[in-house]
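Start at 1 with the first residue, then count along the sequence.
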Amino acid sequence: MPYELHDWPTILGRGEFVRLALEEAGAAYVDVARCDEAEGGGLGALVARLQDPTVARPSFALPVLKDGTVTIGQTAAILLYLGPRLGLVPKSEADRLWTHQIQLTVADMVTEAHDTHHPIAVGLAYEDQRPEALRRAEHFRRERIPEFFAWFEHLLARNGGRHLVGRALTYADLSLFQLVEGLLYAFPRAARAELRESPHLSALHAAVPARPRIAAYLAGPRRIPFNENGIFRRYPELDG
């Protein structure tokens with residue numbers, strides 16, 4: 001049976017990190033919210049699942065992956081589960097945990113990027129917290145992007161330069177590519193400047209979209225463009 005991915009259908013959010021892994025592996029999966037309602041999909045089916053009182057272990061938020069009787073929420077947990085099944089993580093337990101740790105650090109930076117445009121509350125519009133967002137974004141650009149990029153660059157350099165873990169592509173490499181893509185969209189000036197100081201990270205970011213399955217996915221209709229409803233949002237004033 002194909003995997004079922006439950007994620008918002010119109011934004012490029014945390015579910016995209018899962019899609020990239022599924023696409024790279026050539027795995028069969030159904031993007032439930034993007035299916036026709038007649039096929040049991042659509043936004044209604046997505047909301048119904050989130051609110052289903054019969055689900056024994058409900059997820060707080062999307063994305064959610066369903067594999068037969070197994071249901072998993074949280075992006076990093078989903079990738080921890082999928083990694084060995086898709087051949088996107090080394091076999092040793094130490095390497096799997098290390099890959100998971102890196103993925104959690106990617107998630108940390110994703111959250112910080114999101115909080116630049118919503119530093120006070122998710123329920124408030126960006127315009128209602130713009131002064132705070134300007135201050136938060138300045139710190140993110142000057143302090144956090146360099147710190148995170150330096151750490152990723154260090155990991156790549158000490159592992160031979162091409163991959164974060166082992167000698168083959170892992171889901172952490174795919175996620176790091178997506179993180180950089182998002183930052184280039186939201187903070188083009190700041191992100192490009194830091195990439196120039198991070199040759200291994202820059203090379204990884206260029207290598208991932210050259211992989212045949214990823215290239216086909218990025219060029220196809222299933223890849224949603226970045227927009228101002230997702231995690232990474234472009235507000236030019238936040239880029240300095």
Establish whether [X] and [Y] are linked, either directly or via other cluster members, by ILVMFWY side-chain heavy-atom contacts under 4.5 Å.
X    : Y    : value
V122 : F140 : no
V32  : L22  : no
F17  : L218 : yes
V208 : V106 : yes
L88  : L204 : yes

Checklist entry - Which is it for L184 and F232 under the side chain to side chain contact (heavy atoms under 4.5 Å, CB included) test, yes or no, and what are the steps along the way? => result CA-CA 9 Å; L184 286 170; F232 301 101; over 6 Å; no
- Evaluate side chain to side chain contact (heavy atoms under 4.5 Å, CB included) for R222 paired with D31, printing each intermediate quantity in order. CA-CA 9 Å; R222 293 193 304 279; D31 216 327; over 6 Å; no
Pairwise distance [atom1]([X]) to [atom2]([Y]) - rounded to 0.5 angstrom:
X    : Y    : atom1 : atom2 : value
I11  : I224 : CD1   : CD1   : 8.0 Å
L5   : R34  : CG    : CZ    : 8.0 Å
L20  : Y217 : CG    : OH    : 6.0 Å
E23  : L86  : CD    : CG    : 11.0 Å
L82  : L80  : CG    : CG    : 9.5 Å
S202 : E197 : OG    : CD    : 11.0 Å

The complete set of side-chain hydrogen bond (donor to acceptor under 3.5 Å, both in side chains) pairs with one or both residues in residues 70-79, sequence neighbours excluded, reads R49-T71
Compare all side-chain heavy atoms of [X] with those of [Y] and state whether any distance is below 4.5 angstrom.
X    : Y    : value
N229 : T10  : no
I78  : P63  : yes
Y29  : V18  : no
M109 : I145 : yes
F148 : E194 : no

Determine yes or no for a side-chain-to-main-chain donor-acceptor pair under 3.5 angstrom, with [X] supplying the side chain and [Y] the backbone.
X    : Y    : value
S92  : D95  : yes
R135 : R130 : no
E37  : G44  : no
R96  : P90  : yes

Kindly give the heavy-atom pair with the smallest separation between [X] and [Y], and that separation in Å.
X    : Y    : result
P209 : I214 : CA-CG2, 3.9 Å
L46  : A33  : CD2-CB, 4.0 Å
C35  : V30  : SG-CG1, 3.4 Å
D7   : G15  : OD2-CA, 3.4 Å
L183 : A113 : CD2-CB, 4.1 Å
A76  : L104 : CB-CD2, 3.6 Å

Before giving the answer on salt bridge (charged side-chain N to carboxylate O under 4.0 Å, His left out), spell out for E16 and R19 the whole-Å C-alpha distance, their side-chain angles and the decisive distance to 0.1 Å.
-> CA-CA 5 Å; E16 192 64 15; R19 283 191 193 88; 3.1 Å; yes
* To do: Evaluate the criterion ring-ring contact (aromatic ring centres under 6.0 Å, His included) for residue pair Y185 and F226; output intermediate values, then yes/no.
  => CA-CA 7 Å; Y185 175 78; F226 287 102; 5.2 Å; yes
Open item on the list: Looking only at side-chain N and O atoms, does E228 offer a donor or acceptor that is under 3.5 Å from a partner on Y126?
Closed with: no
Notebook entry, point to check: Is there a donor in the side chain of R233 and an acceptor in the side chain of N227, or the other way round, less than 3.5 Å apart?
Noted result: no
F149 meets the ring pair (Phe, Tyr, Trp, His ring centres under 6.0 Å) criterion, sequence neighbours left out, with none
TODO: Show your working on salt bridge (charged side-chain N to carboxylate O under 4.0 Å, His left out) between R141 and E138 and close with a plain yes or no.
DONE: CA-CA 5 Å; R141 294 192 318 268; E138 181 180 11; 5.1 Å; no
For residues 171-182, which side-chain N or O atoms pair as donor and acceptor with protein atoms under 3.5 Å away, sequence neighbours left out?
residue : atom : partner : partner atom : Å
D173    : OD1  : L164    : N            : 2.9
D173    : OD2  : H163    : ND1          : 3.2
D173    : OD2  : T170    : N            : 3.0
S175    : OG   : Q103    : OE1          : 2.8
S175    : OG   : Q103    : NE2          : 3.2
S175    : OG   : Y171    : O            : 3.2
Q178    : OE1  : R223    : NH1          : 3.1
Q178    : OE1  : R223    : NH2          : 3.1
E181    : OE2  : H205    : NE2          : 2.6

By salt bridge (charged side-chain N to carboxylate O under 4.0 Å, His left out), R211 pairs with (sequence neighbours left out) E24
request  = Tell me, with the steps shown, if K66 and Y3 meet side chain to side chain contact (heavy atoms under 4.5 Å, CB included).
outcome  = CA-CA 6 Å; K66 191 171 183 294; Y3 295 106; over 6 Å; no
Decide whether a cation-pi geometry holds between R85 and Y81; the criteria are a distance under 6.0 Å from NZ or CZ to the six-membered ring centre and an angle within 45° of the ring axis.
yes
Under a side-chain separation threshold of 4.5 Å, the hydrophobic residues clustered together with I120 are L124
Using a 4.5 Å side-chain heavy-atom cut-off and chaining through intermediate ILVMFWY residues, the residues clustered with L97 come out as none
Next on the checklist: Tell me whether the rings of H114 and H117 are parallel (<30°), tilted (30 to 60°) or perpendicular (>60°).
Outcome noted: perpendicular
- prompt: Would the number of heavy atoms belonging to other residues, nucleotides or ligands and lying under 6.0 Å from CD of E237 be above 12?
  reply: yes
Evaluate W8 against L43 for side chain to side chain contact (heavy atoms under 4.5 Å, CB included), listing each step before the verdict.
CA-CA 8 Å; W8 301 112; L43 189 59; 3.8 Å; yes
